[in-house]
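Proteins get letters first, then strands, A, B, ... in listed order; numbering begins at 1 in each. Basis for what follows: all heavy atoms, side chains included, without hydrogens, waters or symmetry-related copies. Quantities reported herein were computed from a predicted structural model and do not represent experimental measurements.
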Amino acid sequence: MIARGIVCFCLGIFLTLNAPHVWAGPIAQQGSGNQEEASQSAIDTQGGSQETMRPDAALPAKRTVRSVVAEVSNLVQPKLVKIYGAGGLVQLEGYQTGVLISSQGHVLTVWSTVLDTDATVVLFDGRRFRAELLGADLRLEIAVLKIDASELEFFELKSDADAAAGTRILAFSNLFNVASGGEPCSVQRGIVAAKTSLAARRGTYNSPYKGPVLVLDAVTNNPGAAGGVIVDYRGKWLGLLGKELRSASSNTWLNYAIPVSALTEPVGKILSGQSNLLAAAEDENKSLPDGLTPEVLGLVLVPDVLEKTPPFVDSVLPRSSAEQAGVRPDDLVMYVGEVLTPSCGRMREELRRLDEYSVARVTLLRGSEVIEVQLRAEPLTAESDKQTESSGAQPDGVPTEPVSGAAKDKGLQEEGSSATTDLPRGASEKESAPTGQESP
Amino acid sequence: MKLGLALVQHLWGRAVWQVCAAFTMGAFVASLQGQVPQPVLKAQAERVSVLERICPAVTAIFPSTAADNGGSGVVISADGFALTNFHVVQPCGPSMKCGLSDGGLYDAVLVGLDPTGDVALIKLLGREDFPYVELGDSDAARAGDEVYVIGNPFLLAMDFKPTVTFGLLSGTGRYQYPAGTLLEYADCLQTDASINPGNSGGPLFDAQGRLIGINGRGSFEKRGRVNVGVGYAISINQIKKFLGDLKSGRIVDHGQLGVRVINDSRGRANVADILEDSDAYRRGLRHEDFIVQVADREVQGSNSFTNVIATFPAGWRIPFAYLQDGKRVDTYVRIAPLHRPGELAEVMAAPVAPPSPKEKKQDKEQPRPGQEKKETPEEQGPQDELPHRDDAHDPKPTEMPEGVKQVYEAKEGFANYYFNRKAQERLDAMRKAWASPTEASMEWQLTGKANARGAFTIRLSDKVGRMTLDSGEAVVLFGEDEAPLLEPPKSGGLVPAAAVWRRFVTQGTAGMEEAVYWGEAPLPGKSGLYDVLMVRQWLTESRLYFDRSSGELRCLEMFVDDASDPCELWFSEYQPLRGDKLFPRKIEVVHGDAVYDVLQVENAEWTAMTTAEPIPAPAASGEVNP
């Protein structure tokens, strides 16, 4: 009985994990009879065997990946627009994507600085229009533009269009402004990895939208991609690619789309003139806590009475990261990361630069001994306590890394850096590469 | 007791785990055999077999000096020719190391460079049976095609076993702005298969394992220099056009037409500016005309015009069509070099600077504060290009491996002159096989009938050429001080062109003031490519086109300057003459858009030159067609 359960379980895993991949596999090009046949059958079978497939997405015979993309492209490309507006500075792109939602030239896109000026909308056939901003929803960060055109192909905002984890998607957008004029937008392939609520941030601010999103397994949310669409393999519109955001918990860039079902009502409101340009303002101002402080790490410093009070540890808070790392009263904090901290003020300033999720590497002077510890804010769970005790490894449960690896962690909080920036530029970086890859 | 219980628990735990593991494996296998449909397994097996076939031809490229820097490449012939990026080999100098998936490390030598297109041809040494891949047709590729990217991202593979990533083509016919005038990616392929630093120079394959591109670029921005699902590959069809030129050992150049094109309100490619000494102007193209076709590609707007032109080598003559006053004109146009003579070497010598934001569509990744210490400005390099150049523009003068020394010759303007010399020797050997006569001292006398102008006699030597027609005689002197007269009138210089021809036939490349094997190029109205030799003689420059298999000279174009049309001699009807050697019986003389005449050679004689022959005064050459 147990064994059967395990078999079923394993099979389940196999199907869920591999089925989409298998679909990704079979290839059929023109002039290759065998593969054509193979891939047709594969697709047919896929339609039946994959639980997450929606019934209406079952694929008819004679569809190959190439023909699917070609068909879907024909459906999608005429409904996409390229939008140009304010920006063009470093990391502030002056372009994004949009999608037509009416034959009369209503364009749905994301609300961004690009729309700070009169935007230009370029249709799939290269025609250019000056766009009028009809309204925006600052909670969802979407906007609707209007161009003076008619008889356009468009996507209907239907709330029944939806996707679940496992749905195979194609993402269309003008990421990096690769296409211009009448050139077709880029297409990428992915799978809906999860349907969940957005918990993201931009810089140190939380993103205002907390609603449902489709998380994708492909890198779809690039500069300029916002306002693009994801569709299923029949060309059915599933979601709008959102703005570039990082996960509030892992700090990694998110690839996601706002499902059509979440767009219907807000877009309807914008179209009926109930644009809520202020609704999100209160949310938006709620900033994340101001980085790290000595206290959240478990350090109580000596009273800061002088202009340059040396940052001696006065006491260590119980059950804190500092206690676990073995910090003792009278230790002197010399460095935070690689920055010398001659005073309490300087130390607080350095910690404030680190966001609340990051690990602070702190160098202490104890007598004549120099000690390096890694501290973090998160309250320790019972489980991690146990691990620490049983393994006797690093007291705070954070794997200690060589300096180069830790330096990378520090890099994480800089806007514009990445988790694994391991370009083998030279011997020193090459050596540090493995640790960098382990760290996330 | 407690201990015993713990032990039992422990063993029990292990047993359960082992049973679980066994079932897991069993289930996995069972699912493979029983649950997964055969066609899926078959498709997977095909994929695996394609990869097994192509992976051995993918190579990891390192500079000879250090292994902490490098890129990828792909072998395209059994004798070891391999393609990679210019920006991969630039730090290597003429010699590099190439690792193959069997673990073998081979010396390789630089063969040819295309800095504008970011392509380099290298040759792996030491085997005649390298695994290699088939070249595909990138024009047939479409967005949605499944593709493999194979290479050595992050220099992961210490045993040179390449990394495979898989994705689809996100777009075709893409254009990526150059850094200055180098590293321009025109008509390139865009893929969402992972392309990371170290993948540079590596292959992009279609689903059948045919090479359709060379990966070289990604859109990297704020997320660091790692894949963001947007990589670019130079299309193999562009590379095919340059391959012959690259094998010449030259530093090859891309081209331009001397026109500036803008989009009109209907998105058509409208000529906004045109240089009056350009070939396009001589072919009748004027301000306000619309360019509608270049080569086999319909032109829709200025972008597509730029995209197509940038994929052709300088010097090619390609089909070209434009609309003038509503009428379509079909012609051939000659592509002028993109760079001035010497300019390419100049910009290559300078470090490749990242393009300024104004020249770029997309923003660059900015150096991060935390990394400033590690990156010298040089190291930042072209931020869009994938690999890494440490001492890029300062290759350390290291001892070259013996095998490389034998196949490398330095010469200004060449990536590796050895391959040029070899190609010249090949053409010379073929010339000796077909051509007659090959004695340098012979004076030629050709007689026959010109279709339009009646009987003719042409006498040619190293010093003087004469052509006698019913209407008179043209005499042209040849020397190093003055360009020859372009006699007879309207021929564009039939006599001097014929004299260059004679000199090449009798004395070969060694007899020319300068000879360079140029590579391969098409001829108007003919299919296929021809071996091209460029020679300089008597202040003229000629391009000689040879049939690639027989080595027969098919066409000779003689230029006196860039601003006028050459005199073209088209040779055909090669027939034995005095033994088994061949001589053309028909010579078509073309100048500009007009055929000057067709010469039917009835008799050709050669006699030892009489040095005492009086040289007529140049004045005599004035009146030919009274």
Please give me the minimum heavy-atom distance between [X] and [Y], naming the atom from each residue.
X: A:Asn222; Y: B:Val228; result: ND2-O, 2.8 Å
X: B:Leu168; Y: A:Gln188; result: CD1-CA, 4.3 Å
X: B:Arg174; Y: A:Ala179; result: NH1-CB, 3.4 Å

**Q.** Interface residue of largest heavy-atom contact number with chain A, from B:Ser194, B:Ser170, B:Ala143, B:Gly301, under 4.5 Å
**A.** B:Ser170
Q | Rounded distance [0.5 Å steps], CD in A:Glu183 versus CG in B:Asn307 | A | 7.0 Å
Q: Please look at B:Ala141 and chain A and tell me whether the side chain, the backbone, both or neither of the residue comes under 4.5 angstrom of a heavy atom of that chain.
A: backbone
Q: Please state whether the side chain, the backbone, both or neither of B:Arg142 comes within less than 4.5 Å of a heavy atom of chain A.
A: both
Q: Just jot down the side-chain hydrogen bond (donor to acceptor under 3.5 Å, both in side chains) partners of B:Asn152, sequence neighbours excluded, or say none.
A: none
Q: Between chain B and each of A:Gly126, A:Pro184, A:Gly181, count heavy-atom pairs under 4.5 Å; write down the option with the most.
A: A:Pro184
Q.
I'd like to check the salt bridge (charged side-chain N to carboxylate O under 4.0 Å, His left out) partners of B:Asp139; sequence neighbours left out, ordered by chain and number.
A. B:Arg297
Q: Count the heavy atoms belonging to other residues, nucleotides or ligands that lie under 6.0 Å from CZ of A:Arg128, then report whether that count exceeds 12.
A: no
Q. Mind checking whether A:Phe176 and B:Gln176 have side chains closer than 4.5 Å, heavy atoms only?
A. no
Q: Check whether A:Ser186 gets within reach of chain B through its side chain, its backbone, both or neither, counting any heavy atom under 4.5 Å.
A: both
